[in-house]
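So that the names make sense, note that chain A is the first sequence line, chain B the second, and so on, each numbered from 1. Just so we're clear, the structure is a prediction, and the values are computed from it rather than from any experiment.
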There are 4 protein chains.
Amino acid sequence: MASHRRQMVGTQAAYVAVIGPGADATAPDTALAREIGRRLAAEKAILVCGGLGGVMAAACQGAAEAHGLTVGLLPGGQRSEGNPYLSVALPTGLGELRNGLVVRASHAVIAIGGSWGTLSEIALAVRAGTPTILVGGWKVEDLPGRPAGTLHRADSAPQAVQRALAYARRKPP
Amino acid sequence: MASHRRQMVGTQAAYVAVIGPGADATAPDTALAREIGRRLAAEKAILVCGGLGGVMAAACQGAAEAHGLTVGLLPGGQRSEGNPYLSVALPTGLGELRNGLVVRASHAVIAIGGSWGTLSEIALAVRAGTPTILVGGWKVEDLPGRPAGTLHRADSAPQAVQRALAYARRKPP
Amino acid sequence: MASHRRQMVGTQAAYVAVIGPGADATAPDTALAREIGRRLAAEKAILVCGGLGGVMAAACQGAAEAHGLTVGLLPGGQRSEGNPYLSVALPTGLGELRNGLVVRASHAVIAIGGSWGTLSEIALAVRAGTPTILVGGWKVEDLPGRPAGTLHRADSAPQAVQRALAYARRKPP
Amino acid sequence: MASHRRQMVGTQAAYVAVIGPGADATAPDTALAREIGRRLAAEKAILVCGGLGGVMAAACQGAAEAHGLTVGLLPGGQRSEGNPYLSVALPTGLGELRNGLVVRASHAVIAIGGSWGTLSEIALAVRAGTPTILVGGWKVEDLPGRPAGTLHRADSAPQAVQRALAYARRKPP
């Protein structure tokens with residue numbers, strides 16, 4: 001059972017995606033994710049993710065501890081593959097294509113750690129013009145390609161959340 | 001502002017889609033939708049819909065009155081097109097293809113009134129084997145094709161909700 | 001091995017979807033589909049379909065006999081599930097959501113016979129405003145809902161092809 | 001007008017995606033793409049791409065010069081945005097999500113040059129386990145993350161095509 005605090009109207013809330021490795025997540029990655037989830041919930045942001053384990057589950061766990069709302073867009077067709085900290089678990093059956101929906105559903109993206117799945121989401125977010133904050137993994141200068149104006153770096157959980165929310169609240173839809 | 005009651009864990013809740021016309025909804029359709037939304041929320045089911053107006057907004061309004069959780073999978077890329085009773089408003093940018101996601105995300109579907117968009121969702125639900133309850137619009141025998149074992153009829157809001165939840169709780173994913 | 005006639009430039013060709021039952025197709029349905037495929041190819045139209053058997057395979061077979069180009073948008077991830085008369089077999093992994101892509105890819109739709117999958121495609125096409133010709137199965141008046149201006153009836157393969165191409169050539173994209 | 005050589009049956013052909021920048025493509029990128037397209041067509045492979053300009057159009061132009069078959073999965077809903085060298089131009093209306101379909105439709109991917117859109121496709125291909133050949137842009141060691149066993153490098157158009165086809169012919173679906 002989870003309880004939710006009073007939430008904003010859904011069309012007016014800040015939606016922040018937390019992306020990062022599932023099964024391969026490291027302990028520092030998941031610790032960071034959990035703190036980020038907690039801070040997003042404390043700020044009444046809605047946390048969007050791919051719904052599975054590792055960084056995704058840790059971020060949702062943190063958000064649940066602060067009575068926040070979490071949404072998982074699952075790659076498969078089975079709701080049961082979702083982590084137990086999701087408020088809303090949505091099977092999409094789209095496989096990796098659901099990564100694009102995670103980005104579309106969010107005002108800002110926080111990317112924790114490094115994996116190929118995460119990289120595809122970062123690249124999609126940059127293409128979509130969605131502000132993306134890298135924390136605890138790749139540095140902006142590690143990524144190939146020309147520097148993108150929407151790609152930022154944070155050195156800690158509070159800084160990542162503060163930057164993501166600054167972008168989310170500036171540019172609503 | 002909306003408040004939510006204590007919810008079930010997201011992977012264990014019952015998810016019920018309410019589908020029906022948006023702009024073209026009739027007054028009896030929206031009255032029925034509102035009562036159905038209220039009853040679904042009272043039963044702690046999560047209401048899934050296409051996120052727009054008419055039947056969708058009325059069902060969400062009813063659910064919000066009973067402090068329920070509502071999810072809108074929006075066809076466009078703008079969150080602002082969502083109705084004000086959504087707890088979670090997710091822009092998909094998929095257009096009408098999002099109808100298939102509404103069905104995939106739900107254990108059971110309640111179809112109110114009649115429209116071509118609704119018909120495509122009913123047909124998708126039947127194909128997916130998702131139990132579908134028709135109420136207030138087409139009768140099962142109005143629909144073309146062979147009778148489908150997952151297609152049912154209800155004559156009132158309480159009966160529609162009771163049937164949808166019976167199916168949702170029997171067949172989890 | 002299939003050979004193709006000279007084709008139009010891909011952006012300028014007429015694309016016509018042929019939709020209908022797969023495994024459940026009747027002999028009259030597949031005979032009609034084959035003649036429709038042959039006539040579409042003779043007119044240098046590109047045939048789009050869901051890529052599987054029954055009506056889809058028969059239409060592709062007819063088109064292949066007339067050296068036409070056929071495209072199958074397959075529901076699963078395996079190319080091998082495509083029928084042997086496809087020029088281009090594209091696994092999408094989208095399941096039934098690929099029906100929406102079949103409609104989006106086509107200037108006009110010819111619906112043969114009756115099934116729930118077909119009905120969802122008809123409904124999607126009507127919603128998208130794509131001209132749809134019913135032949136050999138449901139009549140326009142069998143379908144529920146208000147009459148849609150883009151839904152037509154044909155009584156034979158030549159009439160279905162002639163009507164579909166008239167619409168396809170009038171309204172390019 | 002384009003003519004096509006005799007093609008393999010669609011379910012048995014080799015499908016190779018060529019990905020790379022559109023409007024931002026450099027002259028060396030497009031020269032490389034054109035030669036790659038020509039060589040793929042000479043080998044009777046079907047070229048799959050995102051259907052727009054730059055590297056995509058150059059690869060299709062090369063394939064058309066060798067009478068090959070080219071398929072463009074367009075991001076928008078308008079067929080007219082496709083390049084004039086496409087045999088088959090399919091509007092998807094999925095935006096950047098169509099990148100995932102390009103990968104799913106292909107046995108192997110050749111990535112030319114460097115851009116964020118290309119990076120998302122490379123990352124998706126690596127995640128899907130699809131062999132990916134980098135040529136003329138990033139080196140394997142430029143990309144972040146752990147080395148992926150399906151990511152390869154080629155130094156010329158002939159080498160890129162030879163490697164892509166070796167992978168495509170080894171692993172059918």
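- For the pair D/Tyr85 (side chain) and C/Gly10 (backbone), a donor-acceptor distance under 3.5 Å is absent.
- Between the side chain of D/Arg79 and the backbone N or O of C/Ala105, at least one donor-acceptor pair lies under 3.5 Å.
- Proximity to chain C involves both the backbone and the side chain of D/Val88, based on heavy atoms less than 4.5 angstrom apart.
- Contacts between C/Leu94 and chain D at a heavy-atom distance below 4.5 Å involve backbone atoms as well as side-chain atoms.
- In terms of heavy-atom pairs under 4.5 angstrom with chain C, the leader among D/Val103, D/Leu90, D/Leu74 is D/Leu90.
- Distance alone, capped at 3.5 Å, is enough to place a donor-acceptor pair between the C/Arg104 side chain and the D/Thr92 backbone.
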* To do: Verify side chain to side chain contact (heavy atoms under 4.5 Å, CB included) between C/Asn83 and D/Thr11, making sure each step is shown before the conclusion.
  => CA-CA 7 Å; C/Asn83 73 60; D/Thr11 51; over 6 Å; no
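- For the pair D/Leu69/C/Leu69, a side-chain contact is recorded, criterion being any heavy-atom separation below 4.5 Å from C-beta on.
- The shortest distance between side-chain heavy atoms of D/Leu86 and C/Val9 does not fall below 4.5 Å.
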